[in-house]
J.: 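Here it is: the structure, laid out below.
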Amino acid sequence: MTSKYDAVIIGAGHNGLVCAFYLARAGLKVRIVERRDVVGGAAVTEEFHPGFRNSVASYTVSLLQPKVIADMRLHDHGYRVIERPISNFLPQEDGGYLKLGGGLERTQAEFRKFSVHDAEVLPAYYDALEGVAEVLRDLALKSPPNVGEGLRTLITGAAQGWGLSRLSLEAKRNVLDLFTKSARSFLDSWFESDAVKAAFGFDAVVGNYASPDTPGSAYVLLHHVFGEVNGKKGAWGHSIGGMGTITQIMAKVCREAGVEISLESPVDQVLVDGGTVAGVRLESGEEIAAKRVIANVGPKLLYGKMLDASHQPQDFRLRMRGFKAGGGTFRMNVALSELPKFTCLPEPGEHHRSGIILAPTLDYMDRAFLDAKRDGWSKAPIVEMLIPSTVDDSLAPPGQHVASLFCQQFAPELPDGRNWDDEEGAAADTIIDTVEAHAPGFRSSILGRQLLSPKGLYDKFGLVGGDIMHGHMSLDQLWSARPVLGNGAYRGPVKGLYMCGAGTHPGGGVTGAPGHNCAREVIADRGKFGRFG
């Protein structure tokens, strides 16, 4: 085939759009092929009940790289994020509550209700996390060294290790703890209050089918403090118009740069000719010739379904079979006639504009995971609720609201041959029961709901096992080993095949970093000077 395109990108999720933008800006002819009838991947806004719109999968903003925002000039096209007044609100089993965020002194005052010690140690804890996060934040927009490239591997590894090498001994100990310890073990070394440990430990199980007792879960906690909103590090916020506004703006910028975007164009196979990528074949039978194919789908989907095993080295196939994916996530969107009235804090307030966490202790989170392993889902699941209509009146009719419920733990595959298509309604009722226990009347306020089990997340968004990260964020699947050693710098095992999704460094979340970094590697391999900044 004669190549019509310099690159074809599989998937119009945010990383695919970011990658396409940088490639087009460097002068490459780029086409994106997207399975669904809308751009955005899991970062989309949809009407799920008449008059009610919401970010139906990805639902909050923090990790999107400031460089990507600036380079794509998203603000010029209407990108706007409203910061949460406080980070999280956690109702407690004894009828009390804890609020996290709103400034150091305010959080310390909250912690004193539970532990004077925890309030006093909080500044040092924040410093410890930020000291590590700042170094790793600097690595987010750098391609990891690709093991097996000799001197280049050594030089790149040494350059990227320089930031870590300059840390104090205490900070290096923190690095070791965060990468190897469980969230509980790490938090136990700092705090004594169960409520305080839960407030921080929740981040360790977000999109992570694991217990807070699982070794390595402390790193997932760290991953969620990398971001910023409007220049404020560690903050989280709401994109006006929902997450789909971000990706719609990105698509507009890409089209202005000359990128072609084809919707309802699912890919069947990556085509290979003579050991080199030749393009893709769509499920319709259409073949699109391209010099490069860039996959913005997870490694499990790419190497399990789209690239024939005959084009994958034997050891690579073995490693990819062992690549761990499955997030234990159940997403529900609900249309509400009124705001939920929490027993511990019933009146409207800033807590309705925060992350509402229904998981009061680490023991509660551990039980949720054990339940899911045994029975398929938690009897008392971990629930994070956001109510974006409190700050964005474009999402619901006046006086009414939409809520995002991001829930753990739900087994990617149910035991005993059961199917999520048959069970998702019962699982959703369990989630509603959990909220009802904290906010009586919640069930009767529901006007409509959208359910996305782990299987539903796969069917709708291609997230294998419902994994929002495209693969576990464990030590064996990070940096140069994401997705596998020797292919950790965005290049696949076939010449001309690249990866730009969350299954590559630095991992999950709406960051844009994998798309940015992959584009840089494509341009470098092109062997010509192209514009990239």
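These numbers come from a predicted model, not from an experiment.
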J.: Quick one: do Lys305 and Asp268 make a salt bridge, cutoff under 4.0 Å?
T.: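 No, this pair does not count.
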
J.: Quick one: does Tyr219's side chain get under 4.5 Å of Leu478's, heavy atoms only?
T.: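 Tyr219 reaches Leu478 side chain to side chain.
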
J.: Using a strict threshold of under 4.0 Å (side-chain N to carboxylate O), is an ion pair present between Arg281 and Glu287?
T.: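 Salt bridge flag = yes for Arg281 with Glu287.
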
J.: Answer yes or no: is there a donor N or O on one side and an acceptor on the other, between the side chain of His401 and the main chain of Pro388, under 3.5 Å?
T.: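 Between the backbone of Pro388 and the side chain of His401 there is no qualifying donor-acceptor contact (under 3.5 Å).
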
J.: Please name the pair of heavy atoms, one in His470 and one in Phe323, separated by the smallest distance, quoted to 0.1 Å.
T.: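 Smallest interatomic distance, heavy atoms only, reads O-CE2, 3.3 Å.
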
J.: Considering only heavy atoms from C-beta outward, does the side chain of Glu46 approach that of Lys460 to under 4.5 Å?
T.: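 They are in contact (side-chain heavy atoms under 4.5 Å apart), so the answer is yes.
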
J.: Hey, can you tell me if Trp420 and Phe410 have their rings parallel, tilted or perpendicular (30° and 60° cut-offs)?
T.: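 Geometry flag for Phe410 against Trp420: tilted rings.
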
J.: Can you confirm whether more than 12 heavy atoms, excluding those of Lys29, are under 6.0 Å from its NZ atom?
T.: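 Enclosed.
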
J.: Should we count CZ of Arg80 as having more than 12 external heavy atoms under 6.0 Å?
T.: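 No - once you tally the heavy atoms of other residues, nucleotides and ligands closer than 6.0 Å, there are 12 at most.
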
J.: Using 0.5 Å steps for rounding, measure from the OG1 atom of Thr45 to the CD1 atom of Ile240.
T.: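 Those atoms lie 11.0 Å apart.
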
J.: Can you confirm whether or not the ring centre of Phe316 sits under 6.0 Å from the ring centre of Tyr303?
T.: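 That pair passes the under 6.0 Å test.
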
J.: Once the angle between the rings of His49 and Phe52 is folded into 0 to 90°, is it parallel (under 30°), tilted (30 to 60°) or perpendicular (over 60°)?
T.: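 Tilted, since the angle between the ring planes falls between 30° and 60°.
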
J.: Under a 4.0 Å N-O cut-off, is there an ion pair linking Lys291 with Asp6?
T.: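 So Lys291 pairs with Asp6 through a salt bridge.
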
J.: Just checking, is any N or O donor in the side chain of Tyr209 or Gln408 under 3.5 Å from an acceptor N or O on the other one?
T.: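 Their side chains do not contain a donor-acceptor pair, so the 3.5 Å distance test is not met.
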
J.: Is atom NZ of Lys495 surrounded by more than 12 heavy atoms (other residues, nucleotides or ligands) closer than 6.0 Å?
T.: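 12 or below, so no.
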
J.: Once salt bridge (charged side-chain N to carboxylate O under 4.0 Å, His left out) is applied, do any residues pair with Arg418, and if so which ones, sequence neighbours excluded?
T.: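 With sequence neighbours excluded, Arg418 shows a salt bridge (charged side-chain N to carboxylate O under 4.0 Å, His left out) to Glu423, given in chain and number order.
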
J.: Compute whether any side-chain donor of one residue and acceptor of the other, for His505 and Asn517, lie under 3.5 angstrom apart.
T.: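 Distance-only check fails for His505 and Asn517.
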
J.: Would you say Tyr5 and Glu260 make side-chain contact, with heavy atoms under 4.5 Å?
T.: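 They are in side-chain contact.
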
J.: For Asp459, what residues pass the salt bridge (charged side-chain N to carboxylate O under 4.0 Å, His left out) criterion, not counting sequence neighbours?
T.: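 Listed in chain order: Lys455.
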
J.: Looking only at side chains, do Asn333 and Asn54 share a donor and an acceptor under 3.5 Å apart?
T.: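 There is such a pair (donor and acceptor under 3.5 Å, judged by atom type) between the side chains of Asn333 and Asn54.
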
J.: Hey, are the side chains of Lys252 and Arg255 touching, using non-hydrogen atoms and a 4.5 Å cut-off?
T.: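 Counting from C-beta outward, Lys252 and Arg255 never come under 4.5 Å.
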
J.: Begin from the C-alpha positions of Met243 and Thr60 and carry the test side-chain contact (heavy atoms from CB on, under 4.5 Å) through to its verdict.
T.: CA-CA 7 Å; Met243 299 298 287; Thr60 190; 5.8 Å; no

J.: Is it true that Arg353 and Glu83 make a salt bridge, defined as a side-chain N closer than 4.0 Å to a carboxylate O?
T.: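 Looking at Glu83 together with Arg353, the answer is no, because their closest N to O distance does not fall below 4.0 Å.
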
J.: Between Arg31 and Glu286, does at least one N-O distance fall below 4.0 Å, as a salt bridge requires?
T.: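 Looking at Arg31 and Glu286, the cut-off is met.
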
J.: Tell me, please, which residues at least two apart from His77 pass ring-ring contact (aromatic ring centres under 6.0 Å, His included).
T.: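 Result, ring-ring contact (aromatic ring centres under 6.0 Å, His included) vs His77: none returned.
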
J.: Would the number of heavy atoms belonging to other residues, nucleotides or ligands and lying under 6.0 Å from CG of Asp393 be above 12?
T.: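 No, CG of Asp393 has 12 or fewer neighbouring heavy atoms, counting only those of other groups under 6.0 Å.
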
J.: Do Glu283 and Val267 come within less than 4.5 Å of each other through their side chains, counting heavy atoms only?
T.: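 No, too far: nothing below the 4.5 Å cut-off.
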
J.: Answer yes or no: is there a donor N or O on one side and an acceptor on the other, between the side chain of Gln269 and the main chain of Leu271, under 3.5 Å?
T.: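 Checked: no pair found.
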
J.: Stepwise, does the side chain to side chain donor-acceptor pair (under 3.5 Å) test hold for Arg331 with Ser453?
T.: CA-CA 6 Å; Arg331 274 288 281 118; Ser453 69; over 6 Å; no

J.: Might you point out which heavy atoms bring Cys500 and Pro514 nearest each other, and give the distance in Å?
T.: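 That would be O-CB, 3.3 Å.
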
J.: With side chains defined as the heavy atoms from C-beta onward, is the minimum distance between Phe330 and Leu452 less than 4.5 Å?
T.: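 Heavy-atom side-chain distance check fails, nothing below 4.5 Å.
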
J.: Minimum heavy-atom separation for Ala502 to Gly508, with atom names?
T.: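 Distance-wise, the nearest heavy atoms are CB-CA, 3.8 Å.
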
J.: Decide whether Arg35 and Ser265 meet the rule of one side-chain donor and one side-chain acceptor closer than 3.5 Å.
T.: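 Arg35 vs Ser265: no donor-acceptor pair found between side chains.
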
J.: Using every non-hydrogen atom in the two residues, find where Leu395 and Val402 come nearest and quote the distance to one decimal.
T.: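 Heavy atoms of Leu395 and Val402 come nearest at O-CG1, 3.7 Å.
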
J.: Around atom CD of Glu47, are there more than 12 heavy atoms of other residues, nucleotides or ligands at under 6.0 Å?
T.: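 Atom CD in Glu47 is crowded, with more than 12 foreign heavy atoms closer than 6.0 Å.
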
J.: How far apart are the C-alpha atoms of Val8 and Ile294, what are their side-chain angles, what is the distance that settles it, and do they pass the side-chain contact (heavy atoms from CB on, under 4.5 Å) test?
T.: CA-CA 6 Å; Val8 166; Ile294 303 169; over 6 Å; no

J.: State, with a plain yes or no, whether a side-chain heavy atom of Arg84 is found less than 4.5 Å away from one of Leu386.
T.: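 The answer is yes, as the side chains (C-beta and beyond) meet within the 4.5 Å cut-off.
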
J.: Can you find a side-chain donor-acceptor pair between Tyr22 and Asp71 that sits under 3.5 Å?
T.: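 Indeed, the side chains of Tyr22 and Asp71 share at least one donor-acceptor pair under 3.5 Å.
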
J.: Using a distance-only test with no angle check, is there a side-chain donor-acceptor pair under 3.5 angstrom linking Asp467 and Tyr458?
T.: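 No, no side-chain donor-acceptor pair sits under 3.5 Å.
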
J.: Testing the basics here: between Leu23 and Ile523, what is the closest heavy-atom pair and its distance to 0.1 Å?
T.: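 Where Leu23 meets Ile523 most closely, the heavy atoms are CD2-CG1, 3.9 Å.
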
J.: Carefully, step by step, assess Tyr490 and Asn146 under the rule side chain to side chain donor-acceptor pair (under 3.5 Å).
T.: CA-CA 9 Å; Tyr490 311 99; Asn146 208 32; over 6 Å; no

J.: Between Asp429 and Arg443, does any side-chain N to carboxylate O distance fall below 4.0 Å?
T.: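 Looking at Arg443 together with Asp429, the answer is no, because their closest N to O distance does not fall below 4.0 Å.
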
J.: Does Arg25 come within less than 4.0 Å of Glu256, counting only side-chain N to carboxylate O?
T.: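 Judged by the 4.0 Å cut-off on N to carboxylate O distance, Arg25 and Glu256 do not form a salt bridge.
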
J.: With a 3.5 Å distance limit and no angle check, can you tell me whether Thr276 reaches the backbone of Val272 through a side-chain donor-acceptor pair?
T.: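 Answer holds: no.
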
J.: If you look at every heavy atom in Thr247 and Val39, which pair is closest and at what distance?
T.: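 That closest heavy-atom pairing would be O-CG2, 3.9 Å.
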
J.: Does the side chain of Ser389 come under 3.5 Å of the side chain of Gln400 through a donor N or O and an acceptor N or O?
T.: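 Absent: no donor and acceptor within the cut-off.
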
J.: Strictly below 4.0 Å, N to O, side chains only: are Arg491 and Glu521 in salt-bridge contact?
T.: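 A salt bridge is present here (some side-chain N lies under 4.0 Å from a carboxylate O).
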
